[in-house]
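Comments concern the structure below.
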Amino acid sequence: MTVSMEEALYLAGTTLKVRRVFEAMDAGREDDAAAVVNALVVSTGARPQLDRVPGEPWQVHFHGADDTIAVGWSAGIASALTLAIGSDLGGRLGVCQARQCDRVYVDTSRNGVRQFCSRSCQSRMKAAAFRARSAGRAAR
């Protein structure tokens, strides 16, 4: 599958909007997140429909058969965010708390208290906190 430069730029714009949604949800600004998602739904024309590829079962898609790859992916992302924010899953959208990390995540942990995008970021932050505490004790 080849993605044109125009489609790549469209998808890049979608990622910036999605980032704003995660940041708003992480900061408890659900109204701001909902406004961004609603605008994305409208701009992509997201709508549920059943599509079928020969030999495959019916599948739910949120774009038309004639939509570009970029619009189709953006519509699917917008629809997923709509379902998450419109349910009790919106609080599971987060922004990694590690310094120098710009990633977002969906918290799939049992208790919903995740703060980092990965174990690597969590380990780096724990190690930095340990070094800072150790340096503080040594300075006394």
Side-chain angles (χ1 to χ4, degrees):
M1 167 184 351
T2 303
V3 176
S4 69
M5 181 58 75
E6 183 179 325
E7 289 177 311
L9 291 172
Y10 187 99
L11 286 168
T14 297
T15 62
L16 294 174
K17 293 171 188 167
V18 170
R19 173 72 187 203
R20 288 178 38 212
V21 171
F22 275 77
E23 288 173 349
M25 290 302 295
D26 194 59
R29 298 188 332 268
E30 290 182 14
D31 291 350
D32 294 343
V36 174
V37 171
N38 283 338
L40 193 55
V41 167
V42 169
S43 71
T44 62
R47 66 226 171 256
Q49 70 179 40
L50 293 169
D51 288 328
R52 188 176 199 168
V53 176
E56 297 283 328
W58 286 99
Q59 300 171 359
V60 178
H61 290 161
F62 292 92
H63 57 86
D66 297 330
D67 286 341
T68 65
I69 291 170
V71 171
W73 274 92
S74 297
I77 292 167
S79 299
L81 289 171
T82 300
L83 294 170
I85 294 171
S87 70
D88 61 349
L89 299 176
R92 298 290 185 133
L93 306 178
V95 177
C96 186
Q97 299 300 304
R99 283 183 232 117
Q100 298 178 336
C101 183
D102 63 353
R103 294 183 180 169
V104 297
Y105 60 85
V106 177
D107 185 352
T108 58
S109 68
R110 181 172 287 187
N111 57 1
V113 295
R114 186 171 170 179
Q115 296 179 338
F116 303 99
C117 68
S118 66
R119 290 181 191 234
S120 297
C121 279
Q122 181 179 19
S123 294
R124 275 194 300 276
M125 291 301 292
K126 283 185 174 183
F130 175 78
R131 285 191 302 272
R133 285 192 307 273
S134 296
R137 283 188 289 248
R140 290 185 200 169

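Computed from a predicted model, the values in this text were never measured in an experiment.
One finds the SG atom of Cys101 at 7.0 Å from the CZ atom of Arg124 (value rounded to the nearest 0.5 Å). Annotation: the span from Ser120 atom OG to Met125 atom CE amounts to 13.5 Å, rounded to 0.5 Å. In this structure, the separation between NZ on Lys126 and CZ on Arg119 is 9.5 Å, given to the nearest 0.5 Å. Here Tyr10 contributes atom OH and Thr15 contributes atom OG1; the two are 12.0 Å apart, rounded to the nearest 0.5 Å.
A salt bridge (charged side-chain N to carboxylate O under 4.0 Å, His left out) check over residues 1-20, counting only residues at least two apart or in different chains, returns the pairs Arg19-Glu23. The salt bridge (charged side-chain N to carboxylate O under 4.0 Å, His left out) pairs that include a residue from residues 89-115 are Arg92-Asp107, where partners are two or more places apart or lie in different chains. Residue pairs that meet the salt bridge (charged side-chain N to carboxylate O under 4.0 Å, His left out) test with at least one member in residues 69-89, sequence neighbours left out, do not exist here.
Residues passing the side chain to side chain contact (heavy atoms under 4.5 Å, CB included) test with Gln59, sequence neighbours excluded: Glu56, His61. Judged as a side chain to side chain contact (heavy atoms under 4.5 Å, CB included), and not counting sequence neighbours, the contacts of Val113 are Asn111. Under the side chain to side chain contact (heavy atoms under 4.5 Å, CB included) criterion, Leu50 pairs with Trp58, Val60, not counting sequence neighbours. In this view, Ser123 satisfies the side chain to side chain contact (heavy atoms under 4.5 Å, CB included) rule with no residue, not counting sequence neighbours.
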Can you check side-chain contact (heavy atoms from CB on, under 4.5 Å) on Phe62 and Arg47, steps first, answer last? CA-CA 5 Å; Phe62 292 92; Arg47 66 226 171 256; over 6 Å; no

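Met25 and Val104 fall within the same hydrophobic cluster, defined by Ile, Leu, Val, Met, Phe, Trp and Tyr side-chain heavy atoms under 4.5 Å apart, directly or through other members. The hydrophobic cluster containing Val18 also contains Leu93, counting ILVMFWY residues as joined when their side-chain heavy atoms lie under 4.5 angstrom apart, directly or transitively. Put simply, Val21 and Val41 are part of the same group of oily side chains (I, L, V, M, F, W, Y) that touch within less than 4.5 Å, one to the next.
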Can you give the donor-acceptor pairs under 3.5 Å from side chains of residues 32-40 to other protein atoms, not counting sequence neighbours?
{"unit_1": "Asp32", "atom_1": "OD2", "unit_2": "Arg29", "atom_2": "NE", "d": "2.8"}
{"unit_1": "Asn38", "atom_1": "ND2", "unit_2": "Ala34", "atom_2": "O", "d": "3.4"}

Acceptor/donor pairs from residues 74-83 side chains to any protein atom, 3.5 angstrom cut, sequence neighbours excluded:
{"unit_1": "Ser74", "atom_1": "OG", "unit_2": "Thr14", "atom_2": "OG1", "d": "2.6"}
{"unit_1": "Ser74", "atom_1": "OG", "unit_2": "Ala70", "atom_2": "O", "d": "2.8"}
{"unit_1": "Ser79", "atom_1": "OG", "unit_2": "Ala75", "atom_2": "O", "d": "2.9"}
{"unit_1": "Thr82", "atom_1": "OG1", "unit_2": "Ala78", "atom_2": "O", "d": "2.8"}

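Hydrophobic cluster membership of Val3, counting Ile, Leu, Val, Met, Phe, Trp and Tyr whose side-chain heavy atoms lie under 4.5 Å apart directly or via other members: none, as it forms a cluster of its own. Hydrophobic clustering, defined by side-chain heavy atoms of Ile, Leu, Val, Met, Phe, Trp and Tyr closer than 4.5 Å, leaves Tyr105 isolated from every other such residue. Hydrophobic cluster membership for Met5: Leu9 (Ile, Leu, Val, Met, Phe, Trp, Tyr linked by side-chain heavy atoms under 4.5 Å, directly or transitively).
Put simply, the side chain of Gln97 gets close to the backbone of Val95: a donor and an acceptor are under 3.5 Å apart.
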